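The structure appears right after this line, and notes come after that.
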There are 2 protein chains.
Amino acid sequence: MALAIKVNEETFTPRQQAVLTAALDLLVENGDGLTMTAVARRASCSKETLYKWFGDRDGLLTATVQWQAAKVRMPFVDRSHLSVKALRASLEQFARDLLTTIIGEVSITLNRTAITHAAQEKDDLGNIVLENGPMAIRRRLKPILEAARDARLLRFPSSEEAYRTFFGLVVRDVQIRLLLGDKALTQSNVEANIEADVKAAADQFLALYGAKASS
Amino acid sequence: MALAIKVNEETFTPRQQAVLTAALDLLVENGDGLTMTAVARRASCSKETLYKWFGDRDGLLTATVQWQAAKVRMPFVDRSHLSVKALRASLEQFARDLLTTIIGEVSITLNRTAITHAAQEKDDLGNIVLENGPMAIRRRLKPILEAARDARLLRFPSSEEAYRTFFGLVVRDVQIRLLLGDKALTQSNVEANIEADVKAAADQFLALYGAKASS
DNA sequence: ACAAGGGCGTACCGTACGGTACGGTTCGTG
DNA sequence: CACGAACCGTACCGTACGGTACGCCCTTGT
């Protein structure tokens, strides 16, 4: 059962989800200094139960990350009627979702935890976060890009390259700086500029890959 | 002595640097599971000496990161005679250095360590890495961008925005994926594409901000 | 030659935390 | 009501690791 990426709703009972919530809260508060005792106290459950349900500390951590990461739901964007306007709206929506997610405390915590774990060869968490973060975006964005290309709205050699450029234009240095705890980059600070950044990213992406531009 | 960002050559004796090398090696090998005993053994020194020199574990970690991060030296690029050709060469050089650094094991380890630390409110390491990574690039790149703008080779509203776009175009999703331990993204894999990526990034940046394009 | 100090190796201490065991309570079921 | 399962709270164990103390060697300076 190496990689259980998918987690459906009934994977955890409500009580278990309460425990996971407690774990996540502690994770956000205290970073990875998460102790089983602390989770038990916060969730008003016994350590024995914790071990019964999640096996060990890693299991609890994995469950928490899986459960939370799976919650990142990106709203649908219609790939049906493609116009330049609709495409731009879709791109902006993606950019907005991506940015909003990335700057959230939960996302930062999850990424930090997964990265810390990846440093110990235990890359389960890394893969989970990867799969629910960048890869999820990619899976969702690529078909739209390809549809737009088929409709002659975009031009690019490979959708993979186009996706990665989009990612770069949107995220820039925001994520790494937040992960490193850059004090000059407060969350509210970024939040205020989201709309402008979103528009700029869409503009730039269309400037690079729009059919008009590369005629 | 809260934030000693700068570390000159004579900060550490050769013996101390040997110790720091050992610490870095262990950091690369075992992730943040770095123990004082292990460092002492690897460096053939006593723990007492370690504590005498570096105060405590955090001090050793900080010294290691400082010392190593300061080593990231980016070759000079001449901002004297600015032509389109020279500008492109400079941009490509920056992109190459940035990418080469980012995909290195040492950089990955340092960033992971700093991020792990940042999760515990101890953002010393985060600031050090930030200062020697993204911020160093920014300090070096901005003057060039501004010179190019003064020479009418580039057009942009703010050099800050231009820098961040450049960063995004170069780094894309590579760094976060490496930090998360994406197995689909081996180091050699990325290495082989550096030149192509560098060229693409420079092309795209010039397409967005080149004076010709935005006429 | 000899004292002094810097540093190596090892043994040691305290503590924090992962993991286990157990008594007591609640709740569902025959 | 009786029984058992699930679970809470707490006490407990073992260990790993940060930090300290101490004995010995080797170098350096006088």
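Convention: sequence-line order gives letters A, B, ...; per-chain numbering from 1. Owing to the predicted nature of the structure, the values given are computational and were not obtained by experimental measurement. The basis for the numbers below is simple: all heavy atoms, side chains too, and nothing from hydrogens, waters or symmetry mates.
The side chain of B/Cys45 lies closest to C/dC8, out of C/dG18, C/dC8, C/dG7.
Distance, A/Lys52 NZ to C/dA21 C1': 14 Å, rounded to whole Å. Counting to the nearest Å, the C1' atom of C/dC17 and the CG atom of A/Leu50 are 14 Å from each other. In this structure, A/Arg15 places its CZ atom 9 Å from C1' of D/dC7, rounding to the nearest Å. For A/Leu60 and C/dC17, the CG to P distance is 15 Å, given to the nearest whole Å. In this structure, A/Asn30 places its CG atom 10 Å from P of C/dC17, rounding to the nearest Å.
When side chains are defined from C-beta on, A/Val65 does not count as touching A/Asp124, because their heavy atoms never get closer than 4.5 Å. Using a 4.5 Å heavy-atom cutoff, the side chains of A/Gln187 and A/Ile108 are not in contact. Within the 4.5 Å cutoff, side-chain heavy atoms of B/Phe54 are placed close to those of B/Leu20. Counting only heavy atoms from C-beta outward, the side chains of B/Ile176 and A/Asn111 approach each other to under 4.5 Å.
Here A/Arg57 pairs with A/Asp32 under the salt bridge (charged side-chain N to carboxylate O under 4.0 Å, His left out) rule; sequence neighbours left out. A/Ser188 pairs by the side-chain hydrogen bond (donor to acceptor under 3.5 Å, both in side chains) definition with A/Thr186, not counting sequence neighbours.
Applying the salt bridge (Lys or Arg N to Asp or Glu O under 4.0 Å) test to pairs two or more places apart or on separate chains, those with a residue in residues 86-95 of chain A are A/Arg88-A/Glu92, A/Arg88-A/Asp203. Applying the ring-ring contact (aromatic ring centres under 6.0 Å, His included) test to pairs two or more places apart or on separate chains, those with a residue in residues 165-193 of chain B are B/Phe166-B/Phe205.
Side-chain nitrogen and oxygen atoms of B/Trp53 include at least one within less than 4.0 Å of the OP1 or OP2 phosphate oxygen of C/dG7. One finds a side-chain N or O of A/Thr49 lying less than 4.0 angstrom from the OP1 or OP2 phosphate oxygen of D/dC8.
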query = Pairing of DNA chain C as dot-bracket, 5' to 3': ( ) intra-strand, [ ] crossing, | other strand, . unpaired, with Watson-Crick or G-U pairs under 3.5 Å?
reply = ||||||||||||||||||||||||||||||

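Counting non-hydrogen atoms under 4.0 angstrom, B/Arg41 reaches nothing in the nucleic acid. Residue A/Leu34 is classed as a sugar-phosphate contact, given heavy-atom separations below 4.0 Å to backbone atoms only.
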Between protein and nucleic acid, restricted to nucleotides 19-23 of chain D and to nitrogen or oxygen atoms under 3.5 Å apart, what atom pairs and distances do you find?
unit_1, atom_1, unit_2, atom_2, d
D/dG19, OP2, B/Arg57, N, 2.9
D/dG19, N7, B/Lys47, NZ, 2.9
D/dG19, O6, B/Lys47, NZ, 2.5
D/dC22, N4, B/Glu48, OE1, 2.1
D/dC22, N4, B/Glu48, OE2, 3.4

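Here the straight-line distance linking atom CZ of B/Arg177 with atom CE of A/Met135 works out to 3.5 Å at 0.5 Å rounding.
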